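Reading through the structure tokens given below for one structure.
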There are 2 protein chains.
Amino acid sequence: MTTEGRAPLGRSRRPTIKDVAEAAGVSRSTVSRALTGRGYAAGEVRERVLRAAAELGYVPDAMARTLKQQVSRSVGVLVSDLRNPFYAELAAGASREARERGYTMVLADTSLSAEAESEAAEALVALRVAGVIVTPNSSAVSTYLSSHGIPVVEVDRQFAAGSTDGVVVGNRVGARLATSHLVGLGHRRIALFIDETDWTTGYERHQGYLEALAAGGLTADPGLVVSSGWDVADSRRRALDMLRGPDRPTAVFAANNVLAEGVWRAIGELGLGVPGDISLVAFDDAPWMSMVSPGVSAVAQDTFNLGATAVRRLHERIALPEADSVTTVLNVRLVERESTAHPPAL
Amino acid sequence: MTTEGRAPLGRSRRPTIKDVAEAAGVSRSTVSRALTGRGYAAGEVRERVLRAAAELGYVPDAMARTLKQQVSRSVGVLVSDLRNPFYAELAAGASREARERGYTMVLADTSLSAEAESEAAEALVALRVAGVIVTPNSSAVSTYLSSHGIPVVEVDRQFAAGSTDGVVVGNRVGARLATSHLVGLGHRRIALFIDETDWTTGYERHQGYLEALAAGGLTADPGLVVSSGWDVADSRRRALDMLRGPDRPTAVFAANNVLAEGVWRAIGELGLGVPGDISLVAFDDAPWMSMVSPGVSAVAQDTFNLGATAVRRLHERIALPEADSVTTVLNVRLVERESTAHPPAL
DNA sequence: GTCGGATATGACATCGTTCCCACATCGGAT
DNA sequence: ATCCGATGTGGGAACGATGTCATATCCGAC
């Protein structure tokens, strides 16, 4: 609490490199060299500096450093919806990997809105982040960030394949796996619940579904492909409609965990038996799927790893800005639980 | 792609305020005034500047600005585990509120480790964030950050009540609510699953449990209070032990969603009926609790709002650094589902 | 015709770092 | 004695923004 020296150190001004220099009786340059390890600093002097720094509780100003060096140690992470366990886990993976590589993570939840996404992107440009990983809602983000010279990695889905790096999962394979599983059990009327087919995820999963049907010698019935909105409420509503209607399917493949939740709730409300009346398989293995009874079969993706891999890719990209862009595809696997069985006998 | 002027603008250097100034034919000062709106700028000039800035795609460097102004527009958010829906939702709430108030969010997952927490805290000091909200693992963070003059808000649990702000929920009330509910149904052997009782959350929930027992005229049996580890696996193991043992309880109150999951799984594995053989109520209403059947009764906290409120509190604190510290307590409510009923007849 | 306020703009120091350069000292070789 | 490389250290100019201050011009009032 005692005020020291002539400068109004007063209550508490953060110590700067200058304060450390004075305390150690050397110049700012020397302190910088001693602390960063770049350039000469005699053993005894280095020790003195380190001691002074520790004593003052000196923490170098990342802003000033970044400004001078023109490279930041922060990466931006843009995800659609942290409340969805998929994105939360992806962010968790990114966080761990970022920490391990010495990056801090600037995160924004873009709420599936293109506007929030642009705003966030601009903030990241202002912060001069070293790179960004994003689950894009449009092609605008990647374009915008790239135009500002910021490396981008698109995760989960891609809008700018070819011009930016991507880390995705085997959507087509996964969808085929899930659908084939149903076909193999003898189902012939298999519905697909999907939110959009413009994004790569939706498109690929739809394709995988169709491929599996074709491979099983089934003709695809467009009436069985339900374009749902992105939320549980809408999915549930549409599932109720479909399951109440005539000629209902004997199995449903839900293209993501949110849609699966809607379908699951609808099934429960209608008092239908799973898998007795209807089989259900989901893309993306959310925690609840292993908690409910019967457990829901699902295509599991290593979401945590998806985030971690994206940060690794970004790190490499930052090191080699001019290298050709790469899309990494992570494998998925089908987790069979109790929600899938033979269709009911006629 | 054409190189312009004498300076090596070359491929792409980010435009600075100087570039805008030259393009608009004015000085840097004028550009600054025109863009920030602080100080004079004639209508025509302002327009010219804005146009030049837009044309160049100029985005002010937040680093330089922060360095000069000595105040940043970033807040730090430190959470224990993004994979836990509780923390994910808290982060989501913080994110939305941060965006609304014009802050960017620097987030770190501290993995329940004190070491990661300190590291992250130091990074936040280096970044000169305007403030930090944290779900603390120890008292060290708040102390450390405060000593560097950074405002802190502790969320969910408090280690530094009195000296820093806090935003928590009515833990004691909630636990009493849950336990009383069981007592009211006629249960006399009610187990408590809890991970630790050093943190305020654990302590208060334990107290609430005890109070409810006392109010119901029951004597607390220490053998019914299970100190579990923090993960599902351990909780499950201990639940198996207890439920297999003699004289098992007729009801369990799990002090958080992770413990509840362990207990739920154990019950399922043992083939016990809920609520026929055993009633279950949880603190913290995780998504799966409304998905499973029977639904799990739970003390619901508005977790999203918890994060949002913390950011609001932080914002106020930043504005008034010297004001007395405040602890905000959010209300909880008991959501009754089907996992709680009268104890089995003897 | 000069004064003074309003209106506008630019020069320049500054924030906390880094790092290029100049410079100092020293021991040993010529 | 002089020169040289090796070993250290400090001075000072950046980085990109802001904001204070000085200054320039104009207009109307005395």
Side-chain angles (χ1 to χ4, degrees), chain A residues 7-9 13-49 52-53 56-74 123 125-130 148-149, chain B residues 7-9 13-49 52-53 56-74 123 125-130 148-149:
Chain A
L9 254 179
R13 198 192 32 128
R14 267 189 267 262
T16 74
I17 201 173
K18 200 177 154 199
D19 299 321
V20 178
E22 278 169 14
V26 294
S27 73
R28 288 170 5 245
S29 312
T30 304
V31 174
S32 176
R33 279 187 308 253
L35 293 181
T36 63
R38 280 186 285 269
Y40 281 122
E44 193 266 339
V45 172
R46 154 167 290 131
E47 292 233 337
R48 198 143 38 93
V49 170
L56 291 173
Y58 169 70
V59 179
D61 187 321
M63 301 284 165
R65 175 176 292 177
T66 299
L67 179 58
K68 172 63 185 164
Q69 304 192 134
Q70 297 290 76
V71 295
S72 126
R73 290 301 280 172
S74 299
V125 172
L127 285 175
R128 305 296 191 251
V129 291
H148 278 271
Chain B
L9 254 179
R13 201 193 27 132
R14 266 190 268 261
T16 72
I17 199 172
K18 199 176 155 200
D19 300 320
V20 178
E22 278 168 14
V26 294
S27 73
R28 291 171 2 243
S29 311
T30 305
V31 174
S32 174
R33 278 188 309 252
L35 293 180
T36 61
R38 281 186 284 269
Y40 281 122
E44 194 266 338
V45 172
R46 154 169 289 131
E47 291 232 340
R48 197 143 38 94
V49 170
L56 291 173
Y58 170 70
V59 179
D61 186 322
M63 301 285 166
R65 177 176 291 176
T66 300
L67 179 59
K68 171 64 181 161
Q69 303 191 138
Q70 298 288 78
V71 297
S72 126
R73 289 301 281 171
S74 299
V125 171
L127 286 174
R128 305 299 191 247
V129 292
H148 279 269

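We name chains A, B, ... by the order of the sequence lines, and we start the count at 1 in each one. All figures in this text were calculated on a predicted structure; none of them were measured in a lab.
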- line: When rounded to whole Å, the CG to P distance for the pair Leu67(A) and dC19(C) reads 13 Å
field: Distance in angstrom units between Arg46(B) CZ and dT9(C) C1', rounded
entry: 13 Å
- prompt: Just by distance, do the side chain of Arg33(A) and the backbone of Arg38(A) share a donor-acceptor pair under 3.5 Å?
  reply: no
Distance (rounded to the nearest 0.5 Å) between Asp19(B) CG and Tyr58(B) OH: 9.5 Å
- prompt: Does a side-chain N or O from Ser32(A) land closer than 4.0 Å to OP1 or OP2 of dT18(C), or not?
  reply: yes
task: Using a 4.0 Å heavy-atom cut-off across all strands, classify Thr36(A) as base, sugar-phosphate, or nothing.
output: sugar-phosphate
query: Taking Arg14(A) for the side chain and His148(B) for the main chain, is one N or O donor matched with an acceptor at less than 3.5 Å?
result: yes
statement: Heavy-atom nearest nucleotide on DNA chain D taken for Tyr58(B) and for Ala42(A); more 5' hit belongs to Ala42(A)
- prompt: For Arg38(A) and dC19(C), is the shortest distance between a side-chain N/O and OP1 or OP2 below 4.0 Å?
  reply: yes
task: In whole angstrom, give the distance that lies between atom CD1 of Ile17(B) and atom C1' of dG19(D).
output: 11 Å
field: Rounded interatomic separation in angstrom, taking CG from Leu56(B) and P from dG16(D)
entry: 14 Å
- request: Keeping the roles fixed (side chain from Arg48(A), backbone from Ala24(A)), state whether a donor-acceptor pair exists under 3.5 Å.
  value: yes
task: Take Ala64(B) and Tyr40(B), find for each the nucleotide of DNA chain C with the closest heavy atom, and name the residue whose nucleotide sits nearer the 5' end.
output: Tyr40(B)
- request: Would you indicate which nucleotide in dC15(C), dC12(C), dA17(D) comes nearest to any side-chain atom of Ser29(B)?
  value: dC12(C)
task: Answer yes if the side chains of Ser32(A) and Ser29(A) hold a donor-acceptor pair under 3.5 Å, and no otherwise.
output: no
query: Roughly, in whole Å, what's the span from CZ in Arg65(A) to C1' in dC15(C)?
result: 16 Å
message: The side chain of Lys68(B) is closest to which nucleotide in this list: dG10(D), dC15(C), dA11(C)?
response: dC15(C)
- request: Determine: side-chain N/O of Gln69(B) to OP1/OP2 of dC15(C), distance under 4.0 Å, yes or no.
  value: no
message: Can you work out whether Gln70(B) or Arg33(B) has the more 5'-proximal nearest nucleotide on DNA chain C?
response: Arg33(B)
- prompt: So does Thr30(A) get a side-chain nitrogen or oxygen closer than 4.0 Å to the phosphate oxygens (OP1/OP2) of dG10(D)?
  reply: yes
- request: To the nearest Å, give me how far apart CZ (Arg14(B)) and C1' (dC15(D)) are.
  value: 13 Å
- request: Describe the nucleic acid contact of Ala62(B) in one word from base, sugar-phosphate, nothing, applying a heavy-atom distance below 4.0 Å.
  value: nothing
- request: Let me know the distance between CG of Asp61(A) and P of dC15(D), rounded to the nearest Å.
  value: 18 Å
message: With a 4.0 Å limit, can you tell me whether Arg28(B) has a side-chain N or O closer than that to the phosphate oxygens OP1/OP2 of dA17(D)?
response: no
- request: Measure from CD on Glu22(A) to C1' on dG16(C) and round the result to the nearest Å.
  value: 14 Å
